[in-house]
Number of protein chains: 2
Amino acid sequence: MAITLKDIAEKTNCSVSTVSRVLNNKSKEFRISEETERLIIETARKLNYRPNELARGLRLKKSHTIGLVVPDISNPFFAYVSHLIQRYAYNSGYSLILCNTDEDIELEIQQIELLRRKGVDGYIILPVGTKQEHINELLTHNKPLVLLDRIFHDMNTNAVVVDNRKGAYQAVKHLIDNGHKRIAIIQGLRNTSTNNARLGGYVDALKDNSIPIDERLMVGNDFRKENGYIETKLLLKIEEPPTAIFTTSDLITLGTLQAIAEEGKTIPKDVSIVAFDDIDYAPYLMAPLTSVRQPRDLMGQIAVKLLIDDIESTGTSKKEKLVLDPKLILRKSVFNLYSHKDEFSAVYSGY
Amino acid sequence: MAITLKDIAEKTNCSVSTVSRVLNNKSKEFRISEETERLIIETARKLNYRPNELARGLRLKKSHTIGLVVPDISNPFFAYVSHLIQRYAYNSGYSLILCNTDEDIELEIQQIELLRRKGVDGYIILPVGTKQEHINELLTHNKPLVLLDRIFHDMNTNAVVVDNRKGAYQAVKHLIDNGHKRIAIIQGLRNTSTNNARLGGYVDALKDNSIPIDERLMVGNDFRKENGYIETKLLLKIEEPPTAIFTTSDLITLGTLQAIAEEGKTIPKDVSIVAFDDIDYAPYLMAPLTSVRQPRDLMGQIAVKLLIDDIESTGTSKKEKLVLDPKLILRKSVFNLYSHKDEFSAVYSGY
DNA sequence: CATCCCAGCACAAAGGTTTGTGCTAAAAAT
DNA sequence: ATTTTTAGCACAAACCTTTGTGCTGGGATG
């Protein structure tokens with residue numbers, strides 16, 4: 001079927017090894033005559049030879065493939081980062097095997113297992129975050145690996161994350177500065193580094209401003225839309241409802257928007273919102289969203305660079321933990337309770 | 001390093017072939033004693049044996065991998081479809097190699113070439129659409145393949161698309177029904193099946209209602225945000241500006257929204273919009289978007305099913321071309337010029 | 001007792017590469 | 001004329017599986 005080195009060898013009356021060397025640009029190194037070289041290259045082109053990467057990978061113990069494990073590629077934030085990762089990886093000569101975990105830790109374990117069988121050269125993982133033995137396993141076997149977005153603090157590995165605590169702190173502080181005291185947080189998946197840090201920033205900001213912590217305002221348990229929808233519905237019905245909600249992911253925000261629309265409330269008049277993940281549509285929503293923007297361009301790029309450095313240094317490269325700064329983008333989803341006007345800083349960020 | 005069949009064979013004093021057969025559940029078929037079977041399975045488990053899929057793939061001529069070629073995974077529509085594809089593929093035992101073409105035909109050709117080298121078992125391609133020889137090449141070599149979203153009409157292959165002409169027709173008809181006569185279309189990449197069909201629907205709707213075609217209102221040339229932004233800016237400045245814009249992709253819409261916001265106009269009062277691709281955020285935008293929804297859940301699922309049927313039938317399965325129906329979702333981005341009120345049909349679709 | 005059968009496994013090839021080593025013939029050196 | 005060098009390439013192993021075929025020893029059969 002497919003053309004192999006052997007076919008070329010037969011056509012040219014050379015040995016397979018000679019053909020291989022010529023096609024791998026090792027003609028000089030092995031003193032192969034220019035005539036032979038030309039002949040081989042020519043017939044390879046004519047036969048439309050295509051190296052079999054499986055065979056190469058087997059022999060070379062290198063697949064030129066990296067595994068990308070994300071919770072949910074349909075989440076715009078992950079989709080954006082994945083796009084960049086794909087591009088940088090491709091430009092560096094690597095393909096990407098895409099795995100969705102759907103925030104299911106068992107699925108994550110399975111998918112990583114599969115990636116090992118496939119012999120990927122390295123892993124970029126946005127872990128679910130509730131278990132880590134399987135990832136430790138990779139590390140003890142010296143598999144090149146970089147953690148992205150979420151992190152395990154006690155793990156010695158490459159990682160690229162945003163300073164979630166700082167981002168959350170800024171978000172909540174901004175609400176406080178605008179006079180809000182009943183501030184709710186809709187959390188993502190509990191006990192993930194991301195959620196812990198965002199929750200931490202929330203709590204810190206309240207404490208620093210002597211605002212009592214109210215457990216009833218600290219709701220939610222995963223990063224999806226439904227979570228945002230349900231929790232917002234409930235929040236709007238409690239006794240002393242919040243005047244502001246801090247939503248900790250773009251999908252949560254989507255659910256929150258839906259709930260607010262359904263209840264006939266308006267943003268920011270009835271309820272203020274600060275979101276995490278500054279999606280592209282944020283400026284053009286019902287109320288242009290004030291939100292915490294992650295440096296998503298950098299994240300993908302750095303992750304790939306760290307990973308490929310690790311792969312190609314064969315274990316000699318230092319592990320780096322990079323913490324990037326988030327940035328609060330002010331728009332119009334926060335009501336200023338002091339001036340009774342829209343956002344005190346009316347800087348319109350058109351993205 | 002990694003445990004191989006050979007290692008297990010040595011530990012158990014069996015031959016490699018016996019180990020292979022046991023681990024592939026062929027003990028009975030090859031009359032291997034239960035004792036040996038247990039021993040092998042046990043030590044495989046103890047040593048944490050992991051089959052090398054590269055070697056398997058080489059031997060079996062099957063990689064259990066499919067190549068997914070998309071124009072841009074960061075586009076929410078493609079991201080959503082990709083997520084589904086990944087899930088169905090995984091559940092059927094296939095991994096996904098993800099390729100972005102960035103709407104660049106040369107990149108598409110390169111990526112497909114690479115996929116062939118990697119020995120993928122099949123392809124799901126959302127082609128750029130400006131060249132097709134490289135895809136024909138795959139077909140003549142009997143590679144399982146399904147085209148998604150965009151199509152080549154003269155190509156005998158599996159394909160899943162939406163009826164773009166009908167969707168566009170409905171969209172424009174809806175504008176006409178609301179009294180609009182100056183209707184612009186911002187096109188995507190010219191000469192792609194998708195764009196041709198959407199443009200066709202636009203033209204048909206105008207003709208059927210005796211509205212003259214105005215070339216100045218038929219602008220745009222790719223599916224990205226920047227295109228929507230620039231063209232909208234220009235459209236708003238021409239002599240007799242349009243009262244309505246039909247945007248032919250979600251990213252174009254995003255750019256259009258940005259331009260309209262910048263110009264200080266409001267939707268739908270100053271300009272009406274009907275969009276293609278009903279993104280999740282559509283109901284919660286500045287003006288809840290009236291838009292054409294594609295059956296994106298079905299598209300991914302069907303594509304995977306067609307492909308895997310083709311792969312596993314080894315060429316005996318018929319090629320299917322499926323055309324799915326789009327649906328116009330009415331919200332509030334169209335101004336009724338007759339009644340001077342918001343959308344005559346005020347059905348609010350909360351998605 | 002000789003023959004046959006069959007359970008139970010091993011051998012080796014094949015799949016397409018890469019690569020260390022070895023071989024041959026011609027050219028150069030002595 | 002004999003030895004040494006070197007250009008130019010071939011051989012075979014190795015990577016890890018899978019699989020067609022063949023081998024062996026013990027029990028049953030005649």
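Computed over heavy atoms, backbone and side chain alike; hydrogens, waters and symmetry mates excluded. Note on naming: letters A, B, ... go to the chains in the order of the sequence lines (proteins, then strands), and numbering restarts at 1 for each one.
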**Asked** Does the side chain of Y49(B) get closer than 4.0 angstrom to OP1 or OP2 of dC16(D) through an N or O atom?
**Response** no

**Message:** One thing to verify: whether E113(B) and R116(B) come together as a salt bridge, which I'm taking to mean a side-chain N less than 4.0 angstrom from a carboxylate O.
**Reply:** no

**Prompt:** Phosphate oxygens OP1/OP2 of dG16(C): is one of them under 4.0 Å from a side-chain N or O of K61(B)?
**Reply:** yes

**Request:** For DNA chain D, find the residues of residues 25-47 of chain A with a heavy-atom distance under 4.0 Å and give them by number; none if there aren't any.
**Result:** F30(A), R31(A), I32(A), S33(A), T36(A)

For residues 22-30 of chain A, run the donor-acceptor check on the side chains, cut-off 3.5 Å, and write out each pair with its distance to 0.1 Å, sequence neighbours left out.
{"residue": "N24(A)", "atom": "ND2", "partner": "S20(A)", "partner atom": "O", "Å": "2.8"}
{"residue": "N24(A)", "atom": "ND2", "partner": "S20(A)", "partner atom": "OG", "Å": "3.4"}
{"residue": "S27(A)", "atom": "OG", "partner": "E37(A)", "partner atom": "OE2", "Å": "3.2"}

**Request:** Check the distance between dG20(C)'s P and L60(A)'s CG and give it to me in whole angstrom.
**Result:** 11 Å

**Message:** Counting only heavy atoms not in K11(B) (residues, nucleotides, ligands), do more than 12 fall under 6.0 Å from its NZ?
**Reply:** no

**Item:** Between dT17(D) (C1') and D7(B) (CG): distance, integer Å
**Value:** 13 Å

**Asked** Nearest-Å distance, CG (L23(A)) to C1' (dT17(C))?
**Response** 11 Å

**Fill in**
Rounding to 0.5 Å, atoms OG1 (T157(B)) and CG (L145(B)) come to a distance of 4.0 Å

**Message:** Could you work out, with ring pair (Phe, Tyr, Trp, His ring centres under 6.0 Å) as the rule, every residue matching H64(B), not counting sequence neighbours?
**Reply:** Y94(B)

**Prompt:** Can you name the one residue among H83(A), R296(A), Q86(A) that meets side-chain hydrogen bond (donor to acceptor under 3.5 Å, both in side chains) with S74(B)?
**Reply:** H83(A)

**Asked** Among V19(B), T18(B), I40(B), which one satisfies side chain to side chain contact (heavy atoms under 4.5 Å, CB included) with I32(B)?
**Response** T18(B)

**Prompt:** Looking at DNA chain D, which of residues 10-21 of chain A put a heavy atom within less than 4.0 Å of it?
**Reply:** N13(A), C14(A), S15(A), S17(A), T18(A), R21(A)

**Prompt:** Given the rule in the side-chain hydrogen bond (donor to acceptor under 3.5 Å, both in side chains) test, do T194(A) and T192(A) qualify, once you have shown the distances and angles that lead to the verdict?
**Reply:** CA-CA 5 Å; T194(A) 319; T192(A) 57; 4.5 Å; no

**Item:** Sorted by number, the residues of residues 50-58 of chain A with heavy-atom contact under 4.0 Å to DNA chain D
**Value:** L58(A)

**Item:** Side-chain ion pair, E137(A) and K131(A), N-O less than 4.0 Å
**Value:** no

**Message:** Any base atoms under 4.0 Å from L5(B), or only sugar-phosphate, or nothing? Heavy atoms, all strands.
**Reply:** base

**Prompt:** Is D309(B) salt-bridged to K305(B), cutoff N-O under 4.0 Å?
**Reply:** yes

**Request:** Quick one: which residue pairs count as a salt bridge (Lys or Arg N to Asp or Glu O under 4.0 Å) with a foot in residues 71-95 of chain A, not counting sequence neighbours?
**Result:** R87(A)-D102(B)

